[in-house]
There are 2 protein chains.
Amino acid sequence: MRALAHPTQAEMQLDTVLSALSDPVRRQIVGQLANASIDQACSAFQLPISKSTSTYHFRVLREAGLIEQRYSGTTILNTLRAADLEARFPGLLRAVLRAARSETTLATSEVE
Amino acid sequence: MRALAHPTQAEMQLDTVLSALSDPVRRQIVGQLANASIDQACSAFQLPISKSTSTYHFRVLREAGLIEQRYSGTTILNTLRAADLEARFPGLLRAVLRAARSETTLATSEVE
DNA sequence: TTCGTAGTACTAGAAATATCGTACAATAGA
DNA sequence: TCTATTGTACGATATTTCTAGTACTACGAA
């Protein structure tokens with residue numbers, strides 16, 4: 001079984017977390033994970049990028065501590081590390097998710 | 001009097017705001033403004049960068065909507081747009097400031 | 001064992017970002 | 001009016017980030 005490195009809660013850095021969240025593709029991933037009731041494979045995301053770029057973004061999220069990735073066969077199951085993040089940076093993830101949601105709503109209503 | 005362009009509350013974008021906050025120099029500026037009881041001139045910040053780079057970072061913050069800049073003679077007075085941010089992205093600024101504060105505290109206590 | 005699927009490693013290029021130096025503009029005060 | 005101060009504009013450069021293609025690995029299933 002292949003191993004994937006994750007930072008501990010204490011190792012999480014605000015710098016890295018905010019950089020990770022400042023990319024729209026990665027916020028899309030985080031947002032989808034936040035809504036999902038079960039863990040999601042990387043292929044479960046409709047991202048406007050190539051497979052290798054997708055790998056890159058998932059790695060950025062994992063190394064920042066935002067998601068947990070574990071192998072299950074050849075697929076990787078992704079989970080949002082919501083509790084760890086809440087403990088390390090209280091309120092941060094919630095505020096970003098809420099902001100992202102409100103922005104998406106606005107954008108959609110503009111189109112309609 | 002020279003004019004400086006600021007986004008309205010509705011024009012603020014999560015993307016831009018998070019990018020702005022993901023730089024440590026800019027978080028230092030925002031943190032100092034959050035603590036300040038009066039508006040601060042750009043020169044009131046001890047930043048580890050040149051004057052022209054400093055101008056650049058203040059502009060990024062202003063264009064993201066994080067700070068208000070207004071001329072008073074040749075100096076610019078900077079204010080955190082805390083209320084606008086709270087209205088647009090509730091909880092976000094607070095969470096980032098709190099996270100930054102806790103990280104600084106940790107780093108300091110490691111040195112001692 | 002062969003095949004298909006999920007994702008990685010590596011390389012390379014494009015684009016964005018952070019940095020600075022120098023010359024300059026605007027203003028206050030002597 | 002002269003001078004000092006505060007910050008900008010512009011150009012150049014280094015670094016980082018995002019992107020993709022290609023060849024590959026690991027695993028499950030037929």
Side-chain angles (χ1 to χ4, degrees), chain A residues 1-6 13-33 36 38-79, chain B residues 1-6 13-33 36 38-79:
Chain A
M1 186 67 72
R2 288 163 286 180
L4 292 165
H6 294 78
Q13 305 238 312
L14 181 57
D15 224 325
T16 319
V17 169
L18 288 177
S19 298
L21 289 171
S22 71
D23 183 278
V25 171
R26 291 192 295 258
R27 271 205 309 283
Q28 183 182 334
I29 295 171
V30 169
Q32 183 169 332
L33 284 177
I38 53 163
D39 298 356
Q40 307 265 298
C42 296
S43 54
F45 296 79
Q46 310 286 323
L47 304 173
I49 49 173
S50 73
K51 205 169 57 155
S52 56
T53 302
S54 168
T55 295
Y56 163 73
H57 285 299
F58 276 99
R59 179 156 42 91
V60 170
L61 287 171
R62 173 168 45 83
E63 292 181 348
L66 283 161
I67 64 173
E68 193 211 323
Q69 300 195 286
R70 65 175 197 287
Y71 274 101
S72 165
T74 64
T75 83
I76 288 185
L77 293 180
N78 297 279
T79 320
Chain B
M1 186 68 70
R2 288 164 286 181
L4 292 164
H6 293 78
Q13 305 239 311
L14 181 56
D15 224 326
T16 319
V17 168
L18 289 177
S19 299
L21 288 171
S22 72
D23 183 278
V25 171
R26 292 192 292 259
R27 273 205 309 283
Q28 182 182 335
I29 295 173
V30 169
Q32 182 169 333
L33 284 176
I38 53 164
D39 297 358
Q40 307 263 299
C42 295
S43 55
F45 296 78
Q46 310 285 325
L47 304 172
I49 49 172
S50 73
K51 206 168 56 154
S52 54
T53 303
S54 169
T55 295
Y56 163 72
H57 284 298
F58 276 99
R59 179 157 43 93
V60 170
L61 287 171
R62 172 168 47 80
E63 293 180 346
L66 283 161
I67 64 173
E68 193 211 324
Q69 301 195 286
R70 65 175 195 287
Y71 274 99
S72 164
T74 64
T75 83
I76 288 185
L77 294 181
N78 297 279
T79 320

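Naming: A, B, ... by sequence-line order, numbering from 1 per chain. Computed from a predicted structure; not experimentally measured.
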Between [options], which nucleotide gets closest to the side-chain atoms of [X]?
{"X": "B/A41", "options": "D/dA20, D/dG7, C/dT8", "value": "D/dG7"}
{"X": "B/I49", "options": "D/dC18, C/dT19, C/dG7", "value": "C/dT19"}
{"X": "A/T55", "options": "D/dT8, C/dT19, C/dT8", "value": "C/dT8"}
{"X": "B/I76", "options": "D/dT8, D/dA26, C/dA18", "value": "D/dT8"}

On DNA chain C, more 5' by nearest nucleotide between B/V60 and B/S52 is B/V60

So, is B/T74 close to the D/dT5 phosphate, meaning a side-chain N or O under 4.0 Å from OP1 or OP2? no

Between A/T53 and D/dT19, is there a side-chain N or O to OP1/OP2 distance below 4.0 Å? no

Test B/F58 against every option in B/L4, B/T53, B/L47, B/L66 by the side-chain contact (heavy atoms from CB on, under 4.5 Å) rule and name the one that passes. B/L47

I need the [atom1]-[atom2] distance between [X] and [N], as an integer number of Å.
{"X": "A/Q28", "N": "D/dC18", "atom1": "CD", "atom2": "C1'", "value": "15 Å"}
{"X": "B/N78", "N": "D/dT6", "atom1": "CG", "atom2": "C1'", "value": "12 Å"}
{"X": "B/R70", "N": "D/dG7", "atom1": "CZ", "atom2": "C1'", "value": "16 Å"}
{"X": "B/R59", "N": "C/dA16", "atom1": "CZ", "atom2": "C1'", "value": "14 Å"}
{"X": "A/Y71", "N": "D/dA26", "atom1": "OH", "atom2": "C1'", "value": "8 Å"}
{"X": "B/H57", "N": "C/dT17", "atom1": "NE2", "atom2": "P", "value": "12 Å"}
{"X": "A/K51", "N": "D/dT25", "atom1": "NZ", "atom2": "P", "value": "14 Å"}
{"X": "B/Q69", "N": "D/dT6", "atom1": "CD", "atom2": "P", "value": "16 Å"}

Just checking [X]: base, sugar-phosphate only, or nothing, at a heavy-atom cut-off of under 4.0 Å?
{"X": "A/T75", "result": "sugar-phosphate"}
{"X": "B/S43", "result": "sugar-phosphate"}
{"X": "B/Y56", "result": "base"}

Between A/F45 and A/Q28, is any pair of side-chain heavy atoms under 4.5 Å apart? no

Could you tell me if the side chain of A/L21 sits less than 4.5 Å from the side chain of A/R26, heavy atoms only? no

So which heavy atom on A/N78 is nearest to which on A/A41, and how close? ND2-C, 3.8 Å

Only counting residues at least two apart or in another chain, list the ones meeting side chain to side chain contact (heavy atoms under 4.5 Å, CB included) with A/T79. A/D39, A/E68, A/R70

